[in-house]
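Beneath this line is the structure, given in C-alpha cells, with notes to follow.
Just follow the structure's listing: the first ligand is 1, and inside any ligand the first atom is 1.
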Amino acid sequence: MFMANIVSANSRYDQYMQGKTSALNTEEIEGLALVNSKCASCHTPPLFTDFSYRNNGIDSVFTDTGRNHITQLPEDMGKFKVPTLRNVALSYPYMHNGRKKSLNDVLDHYSSGIKPSATLDTSLQNGIPLTPAEKAKILAFLNALTDEDFVNNPAYAEP
Ligand code: HEC
C-alpha cells in the first residue's frame, strides 16, 4: 500500500496539462514540443515511457547484454527498459550503468554520440541532431518534470 501511495503527478508539466497555462514558460513549452516530436516514441507521455526495451546506442559492444540476458534472444542484445523522465533532473547519473553524468551529457549522446550496432533502434540510426538552442529548451522542459510537492513530501522522507 505504501508503494502504491507513492505517485508523482503534480509537476509543473502536470499543472500545465490540467489547464494552468502559466505553469510552463515559453522555453519549457517549446521544450515540450521538441520532446513530443523527438523523444516521445519511446518516452511516451504521461509517464514518459512506453515500457518497451530498446537499444538507444550507448554501446556497440555490450558488457551488460541487457534484455538479452533474460530472454537469450539475439534481437534483445543491448536493449534496456525505457525509463520514465519524471523527476529525471534529480535522478543522475543516467542510463543503466550511470554512464552519463548530466542531462547535458544525455542530450549530447542523442545528438552526436549514438553508437551503431545490429540492435540499435531504427529511429536512432541517424541520431537526433539537436542545435544548442533546442538542447536548452529540452533541458528546461526536463527540469519542469520535477514534482516539488512529491520530492519534498515528509511522508516519503527518511524516518
Ligand atoms: C529509441 C527509443 C528512445 C528515444 C527516441 C529516446 N530515448 Fe531516452 N532512453 C531510451 C532508453 C532505452 C533509455 C535507457 C538506456 C539505458 O538504461 O542504458 C533511455 C534513457 C534516457 C535518459 C536517462 C534516464 C535515466 O533515468 O537514466 C534520459 C534523460 C533520456 N533517455 C532522455 C531522452 C530524450 C530527451 C530524448 C529525445 C531527445 C530521448 N531520450 C529519446 C530510449 C529512447
Side-chain angles (χ1 to χ4, degrees), residues 3 6-14 16-17 24-148 150-151 156:
M3 295 289 285
I6 302 179
V7 175
S8 172
N10 196 30
S11 66
R12 287 190 293 109
Y13 161 76
D14 294 301
Y16 178 81
M17 295 307 284
L24 296 183
N25 65 30
T26 309
E27 189 181 34
E28 292 161 348
I29 291 168
E30 289 174 7
L32 166 59
L34 286 166
V35 167
N36 275 332
S37 68
K38 297 178 187 290
C39 321
S41 57
C42 301
H43 299 282
T44 314
L47 295 175
F48 295 89
T49 173
D50 66 352
F51 302 99
S52 65
Y53 297 86
R54 313 261 197 153
N55 172 353
N56 70 340
I58 294 290
D59 287 310
S60 286
V61 179
F62 307 102
T63 327
D64 181 339
T65 62
R67 187 65 183 156
N68 161 275
H69 187 66
I70 308 298
T71 65
Q72 305 293 314
L73 297 171
E75 63 263 36
D76 282 340
M77 188 63 90
K79 293 190 181 175
F80 294 87
K81 198 166 191 178
V82 177
T84 181
L85 298 181
R86 285 181 174 270
N87 297 300
V88 75
L90 305 176
S91 68
Y92 54 87
Y94 301 109
M95 308 302 173
H96 66 279
N97 53 8
R99 182 83 57 86
K100 304 291 172 191
K101 304 298 175 215
S102 70
L103 288 174
N104 277 321
D105 288 354
V106 171
L107 295 178
D108 288 346
H109 163 71
Y110 284 114
S111 183
S112 56
I114 297 283
K115 298 202 177 124
S117 63
T119 57
L120 175 63
D121 203 271
T122 48
S123 67
L124 293 174
Q125 298 292 340
N126 300 314
I128 305 176
L130 298 168
T131 64
E134 288 174 325
K135 286 182 191 172
K137 288 172 186 174
I138 292 176
L139 189 60
F141 174 70
L142 294 177
N143 278 294
L145 285 172
T146 301
D147 180 345
E148 302 291 345
F150 172 73
V151 298
Y156 310 136

Can the ring centroids of Phe48 and Tyr13 be said to lie less than 6.0 angstrom from one another? yes
Answer yes or no: is there an ion pair linking Asp108 with Lys135, defined by an N-O contact shorter than 4.0 Å? yes
Do other residues, nucleotides or ligands put more than 12 heavy atoms under 6.0 Å from Tyr156 OH? yes
Tabulating one pair per line, provide the atom names and distances (0.1 Å) for every N/O atom of ligand 1 that is less than 3.5 Å from a protein N/O atom.
from     : atom 1 : to     : atom 2 : distance (Å)
ligand 1 : 7 (N)  : His43  : NE2    : 2.9
ligand 1 : 7 (N)  : Tyr110 : OH     : 2.7
ligand 1 : 9 (N)  : His43  : NE2    : 2.9
ligand 1 : 9 (N)  : Asn56  : ND2    : 3.4
ligand 1 : 9 (N)  : Tyr110 : OH     : 2.6
ligand 1 : 17 (O) : His96  : N      : 2.9
ligand 1 : 18 (O) : His96  : N      : 3.1
ligand 1 : 18 (O) : His96  : ND1    : 2.6
ligand 1 : 27 (O) : Met95  : N      : 2.8
ligand 1 : 31 (N) : His43  : NE2    : 2.9
ligand 1 : 31 (N) : Tyr110 : OH     : 2.8
ligand 1 : 40 (N) : His43  : NE2    : 2.9
ligand 1 : 40 (N) : Tyr110 : OH     : 2.9

Does any non-hydrogen side-chain atom of Asn68 lie less than 4.5 Å from one of Phe62? no
Where do Thr119 and Glu75 come nearest, in terms of heavy atoms and distance? CG2-O, 3.6 Å
Side chains of Glu134 and Lys38 in contact at under 4.5 Å (non-hydrogen atoms): yes
